[in-house]
Number of protein chains: 2
Amino acid sequence: MKDVATAAGVALKTVSRVVNEEPGVTPATARRVLAAIERLGYRRNESARLLRRGRTATIGLVIEDVGDPFYSGMGRAVEQVALAHGSLMFSGSSGEDPRRERDLVLAFCARRVDGLVIVPAGPDHGYLRPELDAGVAAVFADRPGGLDADTVLCANSAGAYAGVAHLLRRGHRRVAFLGDDPAIFTAAERLAGYRRALADAGLGADPSLVAMGPPERAGAALSAMLAGGDPPTAVFTGNSRITVAVLRAGHRPPLVAFDDFELADLLVPGVTVVAQDPMGLGRTAAELLFERIAGGRGPARRIELPTRLVPRGSGELPPAPGTAGPGHR
Amino acid sequence: MKDVATAAGVALKTVSRVVNEEPGVTPATARRVLAAIERLGYRRNESARLLRRGRTATIGLVIEDVGDPFYSGMGRAVEQVALAHGSLMFSGSSGEDPRRERDLVLAFCARRVDGLVIVPAGPDHGYLRPELDAGVAAVFADRPGGLDADTVLCANSAGAYAGVAHLLRRGHRRVAFLGDDPAIFTAAERLAGYRRALADAGLGADPSLVAMGPPERAGAALSAMLAGGDPPTAVFTGNSRITVAVLRAGHRPPLVAFDDFELADLLVPGVTVVAQDPMGLGRTAAELLFERIAGGRGPARRIELPTRLVPRGSGELPPAPGTAGPGHR
DNA sequence: CGCCCCGATGACAACGTTGTCGGCGAGGAG
DNA sequence: CTCCTCGCCGACAACGTTGTCATCGGGGCG
């Protein structure tokens with residue numbers, strides 16, 4: 001900018017005025033400055049500008065895995081909203097590691113991002129407190145953080161309830177639940193929805209029909225259940241990785257899966273899913289964030305986005321005749 | 001930092017020394033400073049630091065769609081390499097729009113990123129010239145840019161050749177090619193590989209077996225070919241979106257698809273693919289980039305990553321008896 | 001004709017760091 | 001005892017901007 005000023009024979013400040021389209025510059029002067037800018041290939045140093053102004057027009061996104069379709073869809077939505085607000089987006093993956101999440105968030109804060117969208121990897125966000133007090137905005141997405149900040153969730157419990165109820169309406173009385181580690185918020189919520197659906201249908205909860213754990217064990221868990229004395233007639237899977245694990249293991253039971261996935265419609269039978277809305281999640285979280293960045297006060301909000309049941313065949317199968325012997329109800 | 005200095009009763013510079021772990025500070029002083037830092041919850045302003053030092057420890061990633069599994073896998077690999085080099089990553093989607101790509105890149109450059117990994121949306125990157133001259137490093141990934149910079153590609157032509165040859169070995173003589181707009185580099189390359197495979201097998205190129213265009217038209221295009229007088233007995237699809245479009249249209253021809261996709265193994269029959277290596281693409285591109293950022297000189301390099309043929313069933317089907325009447329060869 | 005006002009421009013400080021250099025005090029050597 | 005050296009520390013400028021205020025000149029009005 002100094003060079004431009006020299007080249008155009010004006011003061012630094014005048015160049016600044018031209019670049020920022022501030023009023024009070026003669027068209028003739030402005031033309032001279034613009035010509036010099038063009039000639040020198042000058043581009044304003046945004047970092048310096050933002051250092052001076054105090055706003056960085058940058059947000060940070062911390063998700064579990066940039067490569068996971070669910071989260072990357074979310075990221076895309078966040079990016080779109082950021083774009084609309086003239087902000088750029090840092091992004092990083094926590095890989096479910098709370099320490100890595102913390103490091104990323106702090107690195108973003110050190111860059112003085114205006115705000116953060118975080119998919120919490122761990123339950124404890126005490127490290128965020130000083131940052132929030134320092135004026136950084138933060139929104140938790142997909143799972144609640146350990147802090148009283150705006151939060152956007154999917155209707156995990158209600159969605160699982162709807163999915164299980166869908167199976168019950170088809171006459172199933174023994175529905176297995178295959179979920180992830182219950183330490184994960186969404187897994188626990190979905191399990192709760194499953195239990196509520198059974199209870200509301202007047203069915204007792206049979207612990208032998210519930211298997212919680214890492215997806216790679218889901219296939220074997222289901223095999224064991226099916227080989228047992230009183231097998232399930234239908235299955236509800238708690239997330240896509242588990243769904244895929246079950247399918248890869250060769251099982252094609254009557255099935256409703258939580259979370260939609262690419263090509264679910266092309267399998268035979270098509271997989272009935274309780275679809276979440278990753279783009280909606282990202283969009284909503286980013287919108288809340290920018291409200292806060294714009295100065296929005298008030299108590300933390302908690303928004304639950306509805307899920308949508310998408311029947312595709314696997315969830316509409318009746319109990320296989322003979323699988324559930326008489327005497328069950 | 002000023003506050004910390006005051007609180008600890010030392011000069012600004014001493015705090016800076018402590019924060020940067022520079023030598024020449026008495027342990028006692030350092031302790032006092034660290035205590036003050038802790039008490040005030042001070043965190044170094046990275047932007048200001050980097051403004052002074054000239055390096056931002058930041059790279060920019062411009063891909064076609066953050067939400068596309070192929071590109072987001074690539075992004076994850078880039079992120080990992082960036083992390084290993086202590087850098088953060090801006091990311092943005094161009095959505096195949098050259099103008100948006102340009103805006104993103106220039107926004108990143110205005111933030112003075114050290115380098116860029118770009119999946120080119122358009123053929124012209126003249127706008128990058130001044131930035132490169134200004135010292136920004138850039139690597140093109142997946143497609144070449146219109147500029148002499150490091151480039152990492154998949155073996156598009158060789159991969160397509162291998163996929164088509166695979167079908168020819170099974171006895172197919174009329175293989176259709178369904179590809180994307182030939183203005184897209186990868187589409188054109190794959191078409192070339194297809195043609196080369198046919199030629200090397202002594203088969204003439206039948207234009208009626210080639211359909212290039214947007215994925216949403218691929219299903220109809222194949223339907224038309226199959227309804228024609230001399231239909232193909234096998235199909236080669238040029239990318240995953242086209243593959244999925246064909247499958248959604250209900251076709252299950254003998255098929256080899258360029259680019260792997262989630263659940264390809266679970267369809268019936270499993271889809272034989274020519275798998276690319278998105279993580280390898282991202283990793284390699286990022287590694288080249290950081291070499292340049294570290295000062296690596298020398299001419300632009302062009303690396304082609306090999307593809308891998310993954311047989312899953314659909315590509316091993318023989319010609320359906322009767323589809324290719326006698327008289328063809 | 002003189003004064004005042006206003007529009008255009010410029011000088012300077014500040015944002016939060018780090019690089020450079022100089023001062024100051026202690027300890028060792030002559 | 002004096003001088004030199006060396007280790008610790010601080011003052012100041014600089015990075016590239018923008019905000020604040022001063023300056024300068026011209027035109028309108030009394």
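Naming: A, B, ... by sequence-line order, numbering from 1 per chain. Treat the numbers as computed from the prediction; the structure is a model and nothing was measured.
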By nearest-heavy-atom nucleotide on DNA chain C, the more 5' of B:Glu22 and B:Leu51 is B:Leu51
Classify the side-chain pair A:Thr58/B:Arg111 by whether it contains a donor and acceptor separated by less than 3.5 Å. yes
Could you write nucleotides 6-13 of chain C as a row of B, S and -, 5' to 3', where a protein heavy atom under 4.0 Å of any base atom gives B, of only sugar-phosphate atoms gives S, and otherwise -? --SBBB--
Can you measure B:Leu50 atom CG to D:dT17 atom P for me and round it to whole angstrom units? 16 Å
Using atom CZ of B:Arg31 as one end and atom P of D:dC9 as the other, report the distance to the nearest whole Å. 12 Å
Among A:Asp65, A:Asp142, A:Leu281, exactly one meets side chain to side chain contact (heavy atoms under 4.5 Å, CB included) together with A:Val119. Which residue is that? A:Asp142
Side-chain donor or acceptor of A:Glu131 paired with backbone N/O of A:Val136 under 3.5 Å: no
Of all of residues 37-47 of chain B, which get a heavy atom below 4.0 angstrom from DNA chain D, listed by number? none
Whether the B:Asn156 and B:Thr186 side chains hold a donor-acceptor pair (N or O, under 3.5 Å, no angle test) is what I'd like checked. no
Please report, rounded to the nearest Å, how far the P atom of C:dT20 is from the CZ atom of B:Arg53. 11 Å
Figure out the CZ/C1' separation between A:Arg112 and C:dG16, and round it to whole Å. 9 Å
Can a donor-acceptor pair be found, under 3.5 Å and without considering hydrogens, that links the side chain of A:Arg44 to the backbone of B:Ala110? no
Write out all pairs satisfying salt bridge (charged side-chain N to carboxylate O under 4.0 Å, His left out) with one or both partners inside residues 30-40 of chain A, taking only residues at least two apart or from two chains. none
